[in-house]
Amino acid sequence: MQQIVDEVKKIDFQSEVYKDAYSRINAIVIEGEQEAHENYITLSQLLPAQAEELIRLSKMESRHKKGFEACGKNLKVTPDLEFAKEFFSGLHKNFQTAAAEGKIVTCLLIQSLIIECFAIAAYNIYIPVADDFAKKITEGVVKEEYSHLNFGEVWLQKNFTESKAELEQANRQNLPIVWKMLNEVTDDAKVLAMEKDALVEDFMIQYGEALSNIGFTTRDIMRLSAYGLAT
Ligand code: Y39
Ligand code: FE
Ligand code: FE
Ligand code: FE
């Protein structure tokens, strides 16, 4: 705890290096929330029986986006949205393709498991080292991200037997992209006092727990969650 306190004290939120790194991380989060908003609208069309709930989730995502836009403004940072679009392009493309093919399982794996777990890990690691304004916003957001993860878990758990093969394939296609994204953001995250090891650890915990809740065995989880990590 003392270590965290000391580290927080050292962070100069107005320094040029902090603001430069923040312009990319803040943009990633804003773009991520925007795409999550769109993805839940798409999912509401693929799952009409749950459309109402999915539209509710999509509205939460646009509120998250507004919250993080305010965090950037508060630090007088202009988000680099072009960078962020490129950052998400791999997962974005795979979600679009899956949606066009009606592959609900793949869409849920990408948005509700992988992206939500990535968000939860990042927000959990960010909260202790955030400025006071961003801390309050992020604490409110991360609580809701757990409910988005839960939506995916519940649906996939109910449909586990028929979904298993597609989940395996979608995991193989998309998890290596997440590790690549993490590598791309490592240096900027470090400037914000977010350590890569902590991000990887938290992601693995969230994702492993999710796979377990859905019905995978411990052996499957080990294999699935580390896929593409060693590069
Ligand atoms: O479901 C959601 O709200 C997720 C889209 C938001 C994206 C979070 C992306 C977090 C990655 C940040 C990496 C910083 C180290
Ligand atoms: Fe969100
Ligand atoms: Fe979310
Ligand atoms: Fe959990």
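Order of appearance sets the numbers: ligands from 1, and atoms from 1 within every ligand. The structure presented is a predicted model; accordingly, all values stated were derived computationally and were not measured.
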* Return the minimal non-hydrogen interatomic distance between Tyr22 and Cys71, and the atom names on each side. =>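 Looking at all heavy atoms of both residues, the shortest contact is OH-CB, 3.5 Å.
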
* **Atom of His92, atom of Glu35 and distance for their closest heavy-atom approach** =>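 It is ND1-OE1, 3.2 Å.
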
* Proximity of Gln111 to ligand 1 by residue part, where a heavy atom lies under 4.0 Å ->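 The answer is the side chain.
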
* To do: Report the part of Glu35 (side chain from C-beta onward, or backbone N, CA, C, O) that has a heavy atom under 4.0 Å from ligand 1; answer both or neither where that applies.
  =>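 Within the 4.0 Å criterion, Glu35 makes no contact with ligand 1.
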
* **Sub-2.8 Å protein N, O or S atoms surrounding the Fe ion (ligand 3)** =>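 The answer is Glu61 OE2, Glu116 OE1, Glu116 OE2, Glu145 OE1, His148 ND1.
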
* To do: Could you tell me whether Phe88 and Phe83 have their ring centroids closer than 6.0 angstrom?
  =>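 Not under 6.0 Å, so no.
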
* Between Trp155 and Phe160, ring centroids under 6.0 Å ->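 Ring centroids of Trp155 and Phe160 are no less than 6.0 Å from each other.
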
* Asked: From Asn174 CG over to Ile114 CD1, what is the distance, rounded to the nearest 0.5 angstrom?
  ->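 Rounded to the nearest 0.5 Å, the CG-CD1 separation comes out at 5.0 Å.
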
* Just checking, any donor-acceptor pair under 3.5 angstrom between side chains of Glu33 and His64? ->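 Yes, His64 and Glu33 have a side-chain donor paired with an acceptor closer than 3.5 Å.
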
* Ion pair check, Lys180 and Glu184, cut-off under 4.0 Å ->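 Salt bridge: yes.
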
* Report yes or no: does Thr97 contribute a side-chain atom to a donor-acceptor pair with the main-chain N or O of Asn94 at less than 3.5 Å? =>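 Not a single qualifying donor-acceptor pair exists.
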
* Asked: Quick check: does Glu145 get an N/O under 3.5 Å from an N/O on ligand 1?
  ->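 Looking only at distances, the answer is yes, because the N/O contact criterion of under 3.5 Å is met.
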
* Is Tyr123 in polar range of ligand 1, meaning some N or O pair under 3.5 Å apart? ->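 No: no nitrogen or oxygen of Tyr123 is under 3.5 Å from one in ligand 1.
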
* Counting only heavy atoms not in Gln45, do more than 12 fall under 6.0 Å of its CD? ->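 Buried by this count: over 12 neighbours within 6.0 Å.
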
* Going by the order shown, which atoms of ligand 1 are within less than 4.0 Å of some heavy atom of Ala119? ->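 Answer, ordered by atom number: 4 (C), 6 (C), 8 (C).
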
Protein heavy-atom partner closest to [atom] - residue, atom, separation in Å:
{"atom": "atom 12 (C) of ligand 1", "value": "Ala122 CB, 3.8 Å"}
{"atom": "atom 5 (C) of ligand 1", "value": "Gly32 O, 3.1 Å"}
{"atom": "atom 9 (C) of ligand 1", "value": "Phe88 CZ, 4.0 Å"}

